[in-house]
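Every chain is numbered from 1, with letters handed out A, B, ... down the list of sequences.
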Protein chains: 2
Amino acid sequence: MARGATAPLYQQIADELRTQITSRALRAGAQLPTELALADKHGVTRATARQAIGVLINEGLVVSSRPRGHFVRQVDRMIYRPQSEWRPQPASPEMDRFMEEQTSLGREPSQVIGVELVTPPDEVARRLDLDSDQTAVVRRRVRFIDGMPFNTNDSYYPMTLVEGSPIMYPADIPQGANQVLTELGAEQVRAIDEIEVRMPTPDEVHRLDLSAGVPVAVHRLTGYTHDGRPVRCTINVLPGDRHVILFERAKPAPEHETDSTTPGGEPHRVDGSLADRGTQ
Amino acid sequence: MARGATAPLYQQIADELRTQITSRALRAGAQLPTELALADKHGVTRATARQAIGVLINEGLVVSSRPRGHFVRQVDRMIYRPQSEWRPQPASPEMDRFMEEQTSLGREPSQVIGVELVTPPDEVARRLDLDSDQTAVVRRRVRFIDGMPFNTNDSYYPMTLVEGSPIMYPADIPQGANQVLTELGAEQVRAIDEIEVRMPTPDEVHRLDLSAGVPVAVHRLTGYTHDGRPVRCTINVLPGDRHVILFERAKPAPEHETDSTTPGGEPHRVDGSLADRGTQ
DNA sequence: CAGTGGTCTAGACCACTCG
DNA sequence: GAGTGGTCTAGACCACTGT
């Protein structure tokens with residue numbers, strides 16, 4: 001870079017537009033110059049102007065609203081709080097600050113799409129300790145807010161555990177699935193949350209109505225009973241432009257102190273039996 | 001879809017290649033057909049074949065290694081565990097299963113890039129309860145694994161708090177920054193983790209050597225003392241193809257039970273003073 | 001130096017929406 | 001019907017890497 005060589009034309013154009021967007025000269029929702037206007041202004045063909053806009057689209061800064069034009073993306077994220085299943089109210093006053101305003105706008109119940117009996121995908125079977133021939137019950141739903149798809153939510157339960165319970169039926173469970181598990185003698189008292197970040201699959205793009213340049217967070221939740229038996233595995237797909245994931249933590253009771261400045265500590269390579277490998 | 005209209009040619013080609021990749025007919029690391037070969041095979045021009053490959057690149061499935069060709073992306077994620085600052089060892093046996101193998105491969109200490117005095121960006125000032133004219137100390141680092149940049153880590157502290165302490169100097173802190181805070185009478189006992197997902201900025205692409213189609217998770221950690229004073233704000237940028245974020249949780253001591261099946265509960269719109277708004 | 005991908009031009013036609 | 005973006009062609013030249 002900057003070694004005498006000049007950047008490609010489309011990058012220069014993209015850089016100029018990006019600067020206008022990040023500096024708010026072009027505000028969220030504003031229309032960009034048309035491809036022809038951009039091409040004229042910079043003395044290039046429309047294809048090159050288009051390539052510049054394509055860069056910004058893939059960065060998630062710009063959306064195309066055909067055939068009206070290109071517009072600066074508007075983002076409006078909602079708080080997603082995995083801990084709310086056990087702690088509906090935040091435990092700390094600090095947490096309240098993150099949630100103090102407009103916490104109740106546009107709520108709609110999530111919609112149960114259906115219940116299926118399946119041989120679970122590998123990633124689920126491993127987490128539920130199921131053999132490849134054992135079946136699981138999956139409740140699939142898509143959550144909507146203001147009529148827009150917001151996230152998907154697939155909860156898997158071992159078939160042997162939930163057979164005959166309300167979990168098997170595609171209706172809302174008024175008392176909540178966790179309460180049903182407790183009544184089945186399999187109260188979920190611990191959980192592990194995994195969060196992975198990637199670009200969506202075409203199927204996810206379709207189900208969640210995602211536009212280009214929007215990554216997703218995949219939140220996998222595995223719930224365990226007191227004696228360490230996995231009883232449920234939930235896979236949530238959260239569009240990146242619609243969510244902030246929030247956790248709150250407290251320092252555990254002191255035994256021996258071990259501190260590190262860097263959160264995350266030393267990374268561990270994911271090669272174990274529970275890890276997903278290969279291409280995405 | 002499928003309403004008589006046929007998909008664009010480049011989409012058809014992209015679909016065919018994607019199927020080969022997800023079915024492992026084309027394995028991670030394998031080379032794709034050259035653009036010319038693809039064009040010939042499908043009777044289109046090179047530009048169209050190129051457009052098809054571009055789709056897969058932006059989905060993160062394919063990388064270009066110029067001028068050798070295009071290859072199926074190889075992903076290898078490491079575990080990132082925010083809780084390890086307080087709990088170096090997992091609390092539950094289930095957690096061990098996620099970390100049982102090759103936990104120590106390729107470790108290298110993170111590298112302290114520098115310490116600066118700055119007026120913190122808005123997102124940090126809000127979280128640290130600083131006025132816009134108060135300064136903060138920021139320790140910037142990039143973590144490397146096997147010589148590759150792995151994530152960035154910027155920790156901000158209120159200047160008035162850490163003045164004169166080892167936190168001000170760009171050397172490693174053997175006892176850890178948390179211990180220094182404790183010695184300063186500001187022990188961090190609670191924390192809030194925020195995780196946001198988006199495409200990287202050009203600067204992040206450069207610093208982390210990201211290729212196209214790789215989103216990032218932004219992990220913001222705010223640490224609080226016993227009396228609720230924020231004492232540090234860390235912003236980590238984690239490339240999506242290199243990390244899985246892991247949390248473990250236990251059900252809090254029972255008071256009144258309130259269960260919900262859906263983790264995340266009802267989303268809350270992020271409009272508060274701590275939220276970041278607008279474009280990305 | 002052969003072969004790859006990266007950039008760019010100069011056209012063309014289409015589908016859709018808005019006035 | 002005018003104007004927008006979406007798709008596609010048929011070329012051209014360049015930069016870089018491996019042999």
Original post:
Can you pull the contact range of chain A along DNA chain C, 5' to 3', using atoms under 4.0 angstrom from its heavy atoms?
Top reply: C:dT7 to C:dC18
Original post:
Are B:F150 and B:F144 near enough that their ring centres are under 6.0 Å apart?
Top reply: no
Original post:
So does B:E59 pair up with B:R18, basic N to acidic O under 4.0 Å?
Top reply: yes
Original post:
Hey, is A:R127 close enough to A:E194 for a salt bridge, meaning N to O under 4.0 Å?
Top reply: yes
Original post:
CD of B:Q31 to NE2 of B:H70: how many Å apart, nearest 0.5 Å?
Top reply: 9.5 Å
**OP:** With DNA chain C as reference, determine whether A:V44 or B:Q31 sits nearer its 5' end, using the nearest nucleotide of each.
**Re:** B:Q31
Which pairs, protein N/O on one side and nucleotides 16-19 of chain D N/O on the other, fall under 3.5 Å?
none

**OP:** State, without any angle test, whether A:H42 and A:E16 hold a side-chain donor-acceptor pair at a distance under 3.5 Å.
**Re:** yes
**OP:** Classify the nucleic acid contact of A:L9 as base, sugar-phosphate or nothing, counting any heavy atom under 4.0 Å across all strands shown.
**Re:** sugar-phosphate
**OP:** Could you tell me whether the side chains of B:R73 and B:S211 share a donor-acceptor contact shorter than 3.5 Å?
**Re:** yes
Original post:
From B:T48 OG1 over to B:R50 CZ, what is the distance, rounded to the nearest 0.5 angstrom?
Top reply: 11.5 Å
Original post:
Is a side-chain donor-acceptor pair under 3.5 Å present for B:N151 with B:N236?
Top reply: no
